[in-house]
Amino acid sequence: MDTLSQQHLSKSPIKLALLGILISVTIIGLFKVAGPAAPFALLMLPFALYFTVRFSVIFVILFILFSYFRIHEAFPVLMPLKIPKLLALASLFGIAWHLFLSKKLTPFWHPAHSAFMFFFAWLTLCVMMATNRGMAIEYWSSTLTKVLIMVFVISWWINTPKAFGIARLGIMVSGALIACVAVSNKLNGIGLVEGSRVTISRHLQSQIGDPNDLSLVLLFPVSFLCAELFNKESKTIYRVFAFIALCLVVYGIIATQSRGGLLGVMAIVAYFLARTIKNPVVLVSILGFGLAVLLVAAGISDRQSGGAAESGIDESAMGRIYAWQAAINMALSNPFTGVGVNNFYVNYFFYSPHWDGKNHAVHSTWFQVLGETGFVGISLFATLIATIYRTLKRSGSKVKFCHQANLLVNVQALKAGLIGFVVSGTFLTQAFTWPIYIILSLSIALEQMLQTLSKDTQESRHDS
């Protein structure tokens with residue numbers, strides 16, 4: 001036994017020396033290849049892994065916020081840091097750790113998951129049957145696969161009231177940040193298109209470099225801000241922040257001069273006012289006056305496309321009508337799969353009753369789904385929307401038994417967000433973008449959490 005101990009001790013210094021040499025060579029090699037930042041990053045790696053595992057939920061939420069709101073594009077100084085990629089790696093590591101090692105991430109299946117998977121499977125089939133398969137596959141691999149992963153990650157991982165609170169706060173703060181940039185650009189005349197419509201980082205070909213897409217991004221946090229503002233049990237400081245941020249976000253949407261964005265804002269505000277004002281005449285009068293004020297403030301009549309200078313039905317409206325007719329023709333020609341995901345624009349020439357020398361976007365969620373996925377696709381998409389509504393309706397009933405006031409604001413925010421999506425979808429193309437799928441994921445997570453909390457409440461009552 002003594003001999004074995006001596007042999008072990010004699011070999012340990014050799015092993016330690018070899019390990020030290022290996023680490024030193026690795027650090028020196030990284031320094032030669034990537035400069036002084038690489039060895040520093042290597043030394044910080046253990047701490048980064050610890051925080052990734054310890055705060056996995058926060059990294060997932062941050063990844064969603066940066067991916068959807070394009071915060072790094074709104075503030076270009078952040079772009080060299082590659083924050084979305086770093087957050088994606090951190091999120092994947094944290095998810096894998098808690099899914100396979102710590103077992104803290106518990107997968108489950110929800111009826112809304114089934115509705116989503118049926119729709120996703122049909123989208124995949126439509127990708128294979130697309131007229132321009134290359135464009136469809138590229139969109140499927142770059143966007144839809146991320147949506148698929150994040151639907152399950154969000155619905156499984158946002159499973160506590162604290163996590164919901166962080167997600168809700170993150171959405172509100174992110175919306176306020178993007179709105180500040182939009183307002184600044186409007187006041188300083190930066191990145192305006194059509195003479196008056198605001199954009200952000202258009203020179204960088206950002207996803208929010210289009211006024212309609214920017215309006216869509218800003219519309220998403222409106223429901224969360226309104227829910228916080230109308231929540232009487234929220235702290236005063238939170239309600240003051242919600243009011244200021246809501247004013248900024250709405251002004252940002254006004255600056256985009258997007259009809260869909262303005263309709264979405266009115267739909268969300270109408271939902272919350274209807275819960276307070278019971279007289280329908282007063283409610284309709286307030287909403288009508290508010291819509292008129294928004295339209296005047298937006299200055300839509302001054303737009304170069306769709307302004308008052310155009311006689312009859314304006315050019316913007318006729319463009320949408322022609323695009324919607326094209327979508328109907330696409331569905332009639334390909335009733336099962338349409339022309340394929342992300343293929344409306346390139347097929348516009350072949351199906352539109354009017355050609356002005358260039359292709360056009362569909363500018364409607366519903367006609368986008370109809371034209372690109374056929375009648376089967378629009379039926380599955382409508383089923384998915386109905387499933388989300390039923391999920392939130394059940395959550396509204398279950399929240400009464402949890403006796404936690406901060407959970408009701410989540411139900412109201414998601415309901416208002418769904419209403420805003422349905423209404424704004426008339427003029428905004430958002431069928432395959434993040435908002436509805438974030439609402440879907442949070443709706444699933446919320447019902448699952450409420451079910452667990454209500455069960456725990458009932459068991460505690462039974463034990464007492």
Any side-chain heavy-atom pair of [X] and [Y] under 4.5 Å:
X	Y	result
Ile444	His113	yes
Leu262	Gln257	no
Ile95	Phe59	no
Ile419	Ile268	no
Phe116	Val147	yes
Asn334	Thr131	no
Leu86	Leu81	no
Thr337	Val376	no

Around [X], counting heavy atoms of other residues, nucleotides and ligands shown, do more than 12 lie under 6.0 Å from its [atom1]?
X	atom1	answer
Phe75	CZ	yes
Ile237	CD1	no
Met150	CE	yes

Assess whether side chain to side chain contact (heavy atoms under 4.5 Å, CB included) is satisfied between Thr373 and Phe432, documenting all intermediate values. CA-CA 11 Å; Thr373 65; Phe432 309 131; 4.1 Å; yes

Geometric class of the [Y]/[X] ring pair [parallel <30°, tilted 30-60°, perpendicular >60°]:
X	Y	result
His98	Trp157	tilted
Phe220	Phe69	tilted
Trp140	Phe120	tilted

Are Phe349 and Asn359 close enough, and set up right, to give a side chain to side chain contact (heavy atoms under 4.5 Å, CB included), and what steps lead you there? CA-CA 6 Å; Phe349 169 79; Asn359 289 326; 3.7 Å; yes

Verdict with supporting geometry, Tyr139 and Thr143, side chain to side chain donor-acceptor pair (under 3.5 Å): CA-CA 6 Å; Tyr139 189 83; Thr143 301; 4.7 Å; no

Any donor-acceptor pair under 3.5 Å linking the side-chain atoms of [Y] with those of [X]?
X	Y	result
Glu228	Ser234	yes
Arg197	Asn212	yes
Trp109	Ser114	yes
Glu447	His110	yes
Ser155	Gln448	no
Ser56	Trp97	no

Which pair of non-hydrogen atoms, one from [X] and one from [Y], has the smallest distance, and what is that distance?
X	Y	result
Asn132	Val346	CB-CG2, 4.4 Å
Ile61	Ala163	CD1-O, 3.9 Å
Pro211	Thr256	O-CB, 3.5 Å
Ser443	Ile388	OG-CG2, 3.8 Å
Ala74	Ile208	CB-CD1, 4.3 Å
Thr365	Leu428	OG1-O, 2.6 Å

Donor-acceptor pair, [X] side chain versus [Y] backbone, under 3.5 Å?
X	Y	answer
Ser201	Glu73	yes
Thr433	Gln430	yes
Ser206	Arg202	no
Ser91	Leu87	yes
Asn343	Val341	yes
Lys415	Tyr271	no

Could you give the distance from [atom1] ([X]) to [atom2] ([Y]), rounded to the nearest 0.5 Å?
X	Y	atom1	atom2	answer
Met135	Asn347	CE	CG	9.0 Å
Phe230	Leu273	CZ	CG	5.0 Å
Thr387	Leu380	OG1	CG	10.0 Å
Cys180	Asn185	SG	CG	11.0 Å
Thr391	Leu414	OG1	CG	10.5 Å
Phe243	Leu248	CZ	CG	10.0 Å

Is the distance between the ring centroids of [Y] and [X] under 6.0 Å?
X	Y	result
Tyr345	His360	no
Phe427	His363	no
Trp366	Phe381	yes

For Leu216 and Thr429, what are the C-alpha separation, side-chain angles and deciding distance, and is it a side chain to side chain contact (heavy atoms under 4.5 Å, CB included)? CA-CA 9 Å; Leu216 173 60; Thr429 309; over 6 Å; no

Can I get a per-line list of side-chain donor-acceptor pairs under 3.5 Å for residues 324-332, giving both atom names and the distance, sequence neighbours left out?
residue: Trp324; atom: NE1; partner: Val362; partner atom: O; Å: 3.1
residue: Asn329; atom: ND2; partner: Gln325; partner atom: O; Å: 3.2
residue: Asn329; atom: ND2; partner: Tyr351; partner atom: O; Å: 2.8

Before you tell me yes or no, could you show the steps for Asn410 and Arg168 under side chain to side chain contact (heavy atoms under 4.5 Å, CB included), namely the whole-Å CA-CA distance, both residues' side-chain angles and the distance that decides it to 0.1 Å? CA-CA 8 Å; Asn410 295 318; Arg168 191 173 73 250; 2.7 Å; yes

Could you give me the CA-CA distance, side-chain angles and deciding distance for Phe336 and Phe375, then say whether ring-ring contact (aromatic ring centres under 6.0 Å, His included) is met? CA-CA 6 Å; Phe336 289 103; Phe375 291 102; 9.2 Å; no

